[in-house]
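Small disclaimer: the values here were computed from a predicted structure and weren't measured.
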Amino acid sequence: MDIEERRQARLEEIERERNINIIPPKKIASFTLLPDDKTSYRLLSVDYKEAVERYEQANGRNHVKMYPSLSLVDFMSEDEQGNPRFIILTDNPEMTLPESHLEDLAELQGSVYMYFVRNGEVIVN
């Protein structure tokens, strides 16, 4: 009988879990997040991949690699000698990187450049 009671208790527990999973959660709040233009300084690399590739190739650099959006750097390319060039995109020419970001960049083996983007094109590096 003991096994039958445990079996029945387990079946009841499974039924309770199944019912909990079927009931959708109640919506208690809705939020809209707006970036703070003063503190936001990064762009999504995926939106500017073609523009950066065109700019790099026009300036004799190749092997352009895009990193996931909002990584430490956005892109990396190489010059003719194979020297790496790390790229961070921004649309704010007066932007400065936070100290914590600069500390992380110090560990990279290569030069880091800020590329300013306007109207979907790289305009200054």
Side-chain angles (χ1 to χ4, degrees):
M1 274 312 226
D2 187 37
I3 293 176
E4 186 61 33
E5 289 173 2
R6 287 192 314 189
R7 179 183 166 278
Q8 188 62 32
R10 180 67 180 139
L11 288 174
E12 289 171 2
E13 181 181 346
I14 291 172
E15 183 63 24
R16 278 194 309 275
E17 288 176 2
R18 189 175 70 85
N19 287 337
I20 290 172
N21 290 335
I22 292 174
I23 300 170
K26 291 182 183 179
K27 182 177 180 179
I28 59 171
S30 178
F31 300 97
T32 302
L33 301 176
L34 301 174
D36 178 8
D37 290 336
K38 294 177 184 172
T39 58
S40 64
Y41 59 93
R42 299 290 298 276
L43 299 174
L44 299 178
S45 56
V46 69
D47 294 339
Y48 300 97
K49 182 178 184 204
E50 292 83 19
V52 171
E53 287 175 342
R54 279 193 309 270
Y55 184 84
E56 290 298 286
Q57 289 171 355
N59 288 283
R61 294 179 288 272
N62 51 27
H63 302 293
V64 178
K65 177 183 177 187
M66 182 179 74
Y67 289 92
S69 294
L70 305 178
S71 295
L72 182 60
V73 295
D74 297 313
F75 293 91
M76 186 208 65
S77 66
E78 294 177 354
D79 61 15
E80 298 85 21
Q81 290 81 32
N83 299 321
R85 177 184 188 96
F86 297 100
I87 302 163
I88 298 174
L89 297 179
T90 185
D91 60 355
N92 180 359
E94 296 158 8
M95 186 276 302
T96 58
L97 293 172
E99 188 64 34
S100 59
H101 198 149
L102 292 173
E103 290 171 6
D104 292 338
L105 290 173
E107 298 176 13
L108 293 177
Q109 301 296 320
S111 300
V112 179
Y113 293 84
M114 297 289 298
Y115 280 17
F116 301 104
V117 178
R118 181 172 292 142
N119 299 324
E121 292 297 319
V122 175
I123 57 169
V124 177
N125 67 339

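Applying the salt bridge (charged side-chain N to carboxylate O under 4.0 Å, His left out) rule to pairs touching residues 104-114 yields nothing, sequence neighbours excluded.
Every residue meeting the side chain to side chain contact (heavy atoms under 4.5 Å, CB included) condition with Glu99, not counting sequence neighbours, appears here in chain and number order: Leu102, Glu103. Residues satisfying the side chain to side chain donor-acceptor pair (under 3.5 Å) test with Glu78, not counting sequence neighbours, are none.
Across all their heavy atoms, Asp79 and Asn62 have their closest contact at O-OD1, 4.5 Å. Closest approach of Val64 to Val52, counting heavy atoms only: CG1-CG1, 4.4 Å.
Within 6.0 Å of the CD atom in Gln109, the count of heavy atoms belonging to other residues, nucleotides or ligands does not exceed 12.
Note that NZ of Lys65 is 13.5 Å distant from CD of Glu53, once rounded to the nearest 0.5 Å. To the nearest 0.5 Å, the span separating CZ on Phe86 from CG on Leu72 amounts to 8.5 Å. Atom CD1 of Ile3 and atom CD of Gln8 lie 14.5 Å apart (nearest 0.5 Å). A distance of 4.5 Å separates OH in Tyr113 from CZ in Arg85, rounded to the nearest 0.5 Å. Summarising the geometry, atom OG1 belonging to Thr96 is positioned 12.0 Å from atom NE2 belonging to His101; distances are rounded to the nearest 0.5 Å. Atom-to-atom distance recorded for Asp47:CG and Ser69:OG is 7.0 Å, nearest 0.5 angstrom.
Put simply, the side chain of Leu44 reaches to within 4.5 Å of the side chain of Leu70, judged on heavy atoms.
Met114 pairs in a side chain to side chain contact (heavy atoms under 4.5 Å, CB included) with only one of the listed residues (Asn92, Leu89, Ile88), which is Ile88.
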Determine whether Ser77 and Glu56 satisfy the following criterion, side-chain contact (heavy atoms from CB on, under 4.5 Å), listing intermediate values before the conclusion.
CA-CA 7 Å; Ser77 66; Glu56 290 298 286; 2.4 Å; yes
side-chain contact (heavy atoms from CB on, under 4.5 Å) assessment of Val122 paired with Phe116
CA-CA 6 Å; Val122 175; Phe116 301 104; over 6 Å; no
Can you list the steps and then say if Leu105 with Val73 is a side-chain contact (heavy atoms from CB on, under 4.5 Å)?
CA-CA 8 Å; Leu105 290 173; Val73 295; 3.7 Å; yes
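A donor-acceptor pair under 3.5 Å links the side-chain atoms of Ser45 to the main chain of Tyr67, judged by distance alone.
Checked for salt-bridge contact, Arg54 and Glu121 meet the test: a charged N lies under 4.0 Å from a carboxylate O. Using a 4.0 Å cut-off between charged nitrogen and carboxylate oxygen, Glu4 and Arg7 count as a salt-bridge pair.
Ring pair Tyr115/Tyr55: centre-to-centre distance below 6.0 Å.
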